[in-house]
Amino acid sequence: MPNTLGQSYLETSVWKPDLFKGKVAFITGGAGTICRVQAEALVLLGANVAIIGRRPEVTQKAADEIAQLRPGAKVIGIGGVDVRNIELLKKAVDQTVAEFGRIDYVVAGAAGNFLASFNQLSSRAFKSVIDIDLIGSYNTAKVTAEELKKTKGQYIFISASLHYTGTPFQTHVAAAKAGVDALSNNLAIELGPFGIRSNVICPGPIQGTEGLSRLIPDEAEKNSLKSIPLNKFGRTQDIADATIFLFSPAANYISGTTVVVDGAHWRTAGGLGGLYPEAVISANSGVSKL
């Protein structure tokens with residue numbers, strides 16, 4: 001996909017150019033929709049970036065495109081990395097440090113999701129999401145911690161609000177993201193004495209993302225807007241801006257918290273709107289998968 005941000009971001013945003021000059025970011029899921037735009041914003045504002053992904057060609061293509069955003073920018077794409085494999089992640093960290101000499105910022109954004117009722121959700125499927133979202137986030141934090149101690153760096157974990165009130169057909173992801181939130185909070189406590197900050201960004205419904213198209217079909221988008229108090233879907237740039245704020249000196253005393261970027265969507269606890277509880281009863285009737 002082409003870059004979402006461009007030079008106009010520097011002209012219209014509140015962030016000053018070269019805000020992150022000399023800094024290095026390590027981003028898992030960096031070729032995905034949301035995390036890629038986080039990388040774009042960091043590069044535009046002076047950082048060099050390593051984006052980590054499972055598919056080598058897609059990851060490298062994204063890195064090449066992002067590098068075009070700023071003259072002299074260095075962006076490396078490290079593909080073939082499954083965040084469930086800590087050894088592969090460690091090699092990615094070593095490659096990043098060999099290329100850039102340091103890591104200042106870590107975004108743990110690799111994730112997996114699909115719709116499944118509890119009845120349809122097998123133990124294996126449940127575990128696969130826990131392994132990618134929660135164990136993958138832990139592995140990412142684990143392999144980068146020593147580098148962040150050197151730079152007094154920062155973590156951002158990408159989560160979701162699904163577990164705040166409970167969300168039908170999202171038992172697996174809600175459980176995983178609840179764990180991600182707890183992980184970040186504990187890292188803020190344990191690594192804070194080393195000067196490391198850890199926070200969570202919780203995106204709401206973001207336009208143009210795979211998550212939105214998968215969870216909210218096109219025909220349901222108009223009705224879904226009714227459950228968002230601001231009456232609009234978010235943009236990937238909204239998540240990028242939250243990222244820039246948390247990594248910037250303006251957030252120097254912010255750690256162990258969650259920034260929810262969802263237009264107050266989770267406050268409405270919409271669930272399935274007018275389809276609840278009939279859709280849930282229907283999906284959970286019959287023989288349960290093991």
Side-chain angles (χ1 to χ4, degrees), residues 4 25-42 47 49-54 59 62 81-84 89 92 103 105-114 129-144 148 153-164 167 170 172-188 197-215 233-247 251 254-263 265-266:
T4 298
F26 181 94
I27 304 177
T28 63
T33 315
I34 287 178
C35 293
R36 170 170 176 157
V37 180
Q38 291 175 296
E40 291 175 12
L42 288 164
V49 174
I51 61 173
I52 318 303
R54 293 187 67 178
T59 304
V81 179
D82 187 329
V83 294
R84 293 171 290 189
L89 272 172
I103 295 176
Y105 311 124
V106 173
V107 176
N113 195 2
F114 49 86
V129 174
I130 296 293
D131 285 348
I132 296 170
D133 288 41
L134 178 54
I135 304 302
S137 294
Y138 178 83
N139 288 344
T140 300
K142 192 73 169 179
V143 297
T144 53
L148 293 196
Q154 300 164 52
Y155 290 111
I156 286 178
F157 295 87
I158 304 301
S159 190
S161 63
L162 304 168
H163 54 290
Y164 293 1
T167 305
Q170 291 286 274
H172 45 314
V173 188
K177 294 305 189 184
V180 169
D181 290 1
L183 170 63
S184 177
N185 292 341
N186 269 61
L187 291 181
R197 294 193 288 114
S198 181
N199 292 295
V200 170
I201 290 179
C202 171
I206 304 299
Q207 192 76 52
T209 61
E210 182 180 350
L212 183 67
S213 62
R214 185 177 295 181
L215 300 178
F233 292 119
R235 308 164 300 161
T236 50
Q237 182 180 327
D238 295 323
I239 308 304
D241 283 337
T243 303
I244 300 308
F245 166 67
L246 286 175
F247 281 159
I254 298 176
S255 189
T257 194
T258 298
V259 176
V260 182
V261 187
D262 77 340
H265 177 246
W266 82 268

Check: Passes side-chain contact (heavy atoms from CB on, under 4.5 Å), T140 versus Y155? Steps please.
Finding: CA-CA 10 Å; T140 300; Y155 290 111; 5.8 Å; no

Checking [X] side chain against [Y] main chain: does a donor-acceptor pair fall under 3.5 Å?
X    : Y    : value
D238 : R235 : yes
T258 : V200 : no
S198 : G256 : no
H172 : F114 : yes

Item checked: Worked check of side-chain contact (heavy atoms from CB on, under 4.5 Å) between T59 and I52 -> CA-CA 7 Å; T59 304; I52 318 303; over 6 Å; no

Notebook entry, point to check: Who passes ring pair (Phe, Tyr, Trp, His ring centres under 6.0 Å) against Y105, sequence neighbours left out?
Noted result: F20, F247

Margin query: Which residues pass the ring pair (Phe, Tyr, Trp, His ring centres under 6.0 Å) test with Y164, not counting sequence neighbours?
Written below: W266

What pair of heavy atoms forms the shortest contact from [X] to [Y], and how long is it?
X    : Y    : result
I103 : V106 : CG2-CG2, 3.9 Å
A242 : V261 : CB-CG2, 3.9 Å
P205 : F233 : CB-CD2, 3.5 Å
V129 : G112 : CG1-O, 3.7 Å
A176 : D133 : CB-CB, 3.7 Å
R197 : A251 : NH1-O, 2.8 Å

Margin query: For R54 and V83: C-alpha separation, side-chain torsions, deciding distance, then whether side-chain contact (heavy atoms from CB on, under 4.5 Å) applies.
Written below: CA-CA 8 Å; R54 293 187 67 178; V83 294; over 6 Å; no

Measure the spacing between [atom1] of [X] and [atom2] of [Y] and express it to the nearest 0.5 Å.
X    : Y    : atom1 : atom2 : value
I132 : D82  : CD1   : CG    : 7.0 Å
I27  : I158 : CD1   : CD1   : 9.0 Å
L187 : S255 : CG    : OG    : 9.0 Å
R84  : L134 : CZ    : CG    : 13.0 Å
E40  : Q237 : CD    : CD    : 10.0 Å
K142 : L89  : NZ    : CG    : 13.0 Å

Margin query: Using a 6.0 Å cut-off, check whether atom CZ of F245 has over 12 heavy atoms from anything other than its own residue.
Written below: yes

Check: Could you walk me through whether Q154 and N199 pass the side chain to side chain donor-acceptor pair (under 3.5 Å) check?
Finding: CA-CA 8 Å; Q154 300 164 52; N199 292 295; 5.9 Å; no

Check: Is the closest side-chain heavy-atom distance between P203 and I34 below 4.5 Å?
Finding: yes

Notebook entry, point to check: Do I244 and L42 have side chains that get closer than 4.5 Å, going by heavy atoms?
Noted result: yes

Next item on the list: Hey, could you give me each pair passing salt bridge (charged side-chain N to carboxylate O under 4.0 Å, His left out) that has a residue in residues 200-209? Not counting sequence neighbours.
Entry: none

Checklist line | Derivation and outcome, side-chain contact (heavy atoms from CB on, under 4.5 Å), residues H265 and V260 | finding: CA-CA 9 Å; H265 177 246; V260 182; over 6 Å; no

